[in-house]
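What you are looking at is a predicted structure, and each value in this text was computed from that prediction instead of being measured.
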Amino acid sequence: MKRETQINVNAEKFSADLIDWFEKNKRELPWRENKDPYKIWVSEIMLQQTKVDTVIPYFHHFIEKFPTIKDLAAADEQEVLKAWEGLGYYSRARNLQSAVKEVALEYNSKVPDHVDALSSLKGVGPYTRGAILSIAYDKPEPAVDGNVMRVMSRVLNIAEDIAKQRTRKVFEDNIRAIIPADNPSSFNQGLMELGALICTPKAPACMLCPVQKHCQAFALGIQDELPVKTKAKKQKRIPYFAFVGTDDKGAVLIEQRPADGLLANLWQFPMVAKQQMDIEHAASWFRANYGLHVKVVRELSPIKHVFSHLVWQVEVYRIAILGGELTAQDAVLVSIPELDQYPLPVSHQKIKEQMICLT
DNA sequence: AATTCGGGGGT
DNA sequence: ACCCCAGAATT
């Protein structure tokens, strides 16, 4: 018979062993220095689909630049994106600032401590909501991320596909039945820490596991079979041309990407899908789209950049801007030092490095 | 329910 | 290559 929750574990003893291990073995992380809900919030957004080691330097810089809700609410989006440059999933940064503005305006700059108010904030989903409520406000709410699903799929022997959206609810139901009211923060963080350090995706360190005696998968010797997760499909490859152009004063031509979609509002060197333009027609394409008279100088090193769902293969050309008047709305000519103010995706940072080297 | 959003590191 | 990562928004 199938049940909503399958509590084949002693909740009290499991929690006690988990929390005891966490308190003794937790890593010292910058967002664990205090319980400032704003800092917890920023860290949770940065940590979405992103490893701790990657986040740490970004977190330090971000908090130094935007120490409080009011600072972030008052900042230019451009500055926020620049602080996020290279971290990826840039809508996180834009949604975070949007939500912070909402908190500044509607909640007197205090991060909400209730489910409904938190959920209404942009970029705050079920996981982040639970993380803020449990870690910043000590409320016994589940915070189910990939770590938690991996750990609990093994502890409770749950074989549902964790790639499915609805599976998260199964784990939330189970966590609700186990999470202790007196220390939900260490419980939730303990599950994640355990997933990161011991109960790893491959070759979990079961011999070092503080909750080994509670683990169904270990008892059955099936820890390597869990969790069950269907495979993602292959990325689509898209070939592009990109152009590094400077005028007679050494100013560089860049353009801002659209406000929606991939790398929204970031800046880039002019780029066009190969499918849309033949390189023989580059000069007339620039005349038509930018109002500029250009000449292709030579080809630089191509860039290959892999995203979650697609791959850019970019042929890069050095061009000279000989004249004309810039007509493209979202394009600007900037000096090399000024270029540092503009947030570029990593793919175009690579192109920028090539250009700086050759200058 | 499936797809779209980045980028880095491990194996 | 393929996998994963303190997921959320959109379609």
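- A salt bridge between A:Asp224 and A:Lys202 is absent, with no side-chain N of the basic residue lying under 4.0 Å from a carboxylate O of the acidic one.
- Regarding A:Asp260, its CG atom lies at a distance of 12 Å from the C1' atom of B:dT4, rounded to whole Å.
- Judged purely by distance below 3.5 Å, without hydrogens or angles, the side chains of A:Arg287 and A:Thr327 never pair a donor atom with an acceptor atom.
- The separation between A:Asn95 atom CG and B:dG6 atom P is 12 Å, rounded to whole Å.
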Problem set entry | Nucleotide pairing, DNA chain B (Watson-Crick or G-U, distances under 3.5 Å), in dot-bracket with [ ] and | | |||||.|||||
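- Partner of A:Glu172 under the side-chain hydrogen bond (donor to acceptor under 3.5 Å, both in side chains) criterion, out of A:Arg176, A:Arg168, A:Lys169: A:Arg168 alone.
- Between A:Lys350 and A:Glu353 no salt bridge is recorded (no basic side-chain N to carboxylate O distance below 4.0 Å).
- A donor-acceptor contact under 3.5 angstrom links the side chains of A:Asn147 and A:Asp145, judged on distance only.
- Using cut-offs of 30° and 60° on the angle between ring planes, the pair A:Phe243 and A:Trp285 is tilted.
- Across all strands shown, A:Ser43 has no heavy atoms under 4.0 Å from either base or sugar-phosphate atoms.
- With the nearest nucleotide of DNA chain C identified for both A:Asp145 and A:Ser119, A:Asp145 has the one nearer the 5' end.
- A tilted orientation is assigned to the rings of A:His305 and A:Trp312, their planes being inclined by 30° to 60°.
- Here A:Glu28 does not pair with A:Arg32 in a salt bridge; the nearest charged N to carboxylate O distance is not below 4.0 Å.
- Distance, A:Gln165 CD to B:dT4 C1': 12 Å, rounded to whole Å.
- Looking at residues 77-91 of chain A, you'll see A:Gly86, A:Leu87, A:Gly88, A:Tyr89, A:Tyr90 sit with a heavy atom under 4.0 Å from some atom of DNA chain B.
- Residues of residues 223-242 of chain A that place a heavy atom closer than 4.0 Å to DNA chain C, in numerical order, are A:Lys229, A:Lys231.
- Between the P atoms of B:dT4 and C:dA6, the separation comes to 24 Å (whole Å).
- At a threshold of 4.5 Å between non-hydrogen side-chain atoms, the residues A:Gln48 and A:Thr128 count as touching.
- A gap of 22 Å separates the C1' atoms of B:dC5 and C:dA1, to the nearest Å.
- Residues from residues 47-59 of chain A lying near DNA chain B, meaning a heavy-atom separation below 4.0 Å, are A:Gln49, A:Thr50 in numerical order.
- A salt bridge links A:Asp20 with A:Lys24: at least one charged nitrogen is closer than 4.0 Å to a carboxylate oxygen.
- A:Lys39 and A:Glu33 are not joined by a salt bridge, as no carboxylate oxygen comes within less than 4.0 angstrom of a charged side-chain nitrogen.
- B:dG8 and C:dA8 have their P atoms separated by 22 Å, with the value rounded to a whole Å.
- Side-chain contact annotation: A:Ser335 with A:Glu338, donor-acceptor N/O pair under 3.5 Å present.
- For the residue pair A:Glu85 and A:Trp267, no side-chain donor N or O sits within less than 3.5 Å of a side-chain acceptor on the partner.
- Under 4.0 angstrom from either OP1 or OP2 of B:dC5 there lies at least one side-chain N or O belonging to A:His309.
- Against DNA chain B, the stretch residues 17-36 of chain A makes no heavy-atom approach under 4.0 Å.
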For this session: Decide yes or no on side-chain hydrogen bond (donor to acceptor under 3.5 Å, both in side chains) for A:Glu193 and A:Asn25, but give the supporting numbers first.
Result: CA-CA 9 Å; A:Glu193 198 82 340; A:Asn25 295 279; over 6 Å; no
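- Here B:dG6 presents its P atom at 13 Å from CD of A:Gln349, a figure rounded to the nearest Å.
- Regarding A:Met46, its CE atom lies at a distance of 15 Å from the P atom of B:dG7, rounded to whole Å.
- First and last contacts of DNA chain C with chain A, using any nucleotide atom under 4.0 Å from a protein heavy atom and ordered 5' to 3', fall at C:dC3 to C:dA9.
- As rounded to whole Å, 12 Å separates atom C1' of B:dA2 from atom CZ of A:Arg166.
- One can place CG of A:Leu310 at 10 Å from C1' of B:dG6, the figure rounded to the nearest angstrom.
- With hydrophobic clusters built from ILVMFWY side chains whose heavy atoms lie under 4.5 angstrom apart, A:Leu333 does not share a cluster with A:Leu339.
- Side-chain contact, A:Glu102 with A:Ser98: no donor N or O sits under 3.5 Å from an acceptor N or O.
- As rounded to the nearest Å, C:dC3 and B:dT3 have P atoms that lie 16 Å from one another.
- Using a 4.0 Å heavy-atom criterion, one finds that A:Gly261 contacts the sugar-phosphate atoms exclusively.
- Put simply, A:His305 has a side-chain N or O that comes within less than 4.0 Å of OP1 or OP2 on B:dG7.
- A salt bridge does not link A:Arg129 to A:Asp116: none of the charged nitrogens lies less than 4.0 Å from a carboxylate oxygen.
- Close placement of the A:Phe286 and A:Tyr290 rings is indicated, their centers lying within 6.0 Å of each other.
- Between A:Asp138 and A:Lys35 there is a salt bridge, since at least one side-chain N of the basic residue sits less than 4.0 Å from a carboxylate O of the acidic one.
- A donor atom on one side chain and an acceptor atom on the other are found under 3.5 Å apart for A:His214 and A:Asp17.
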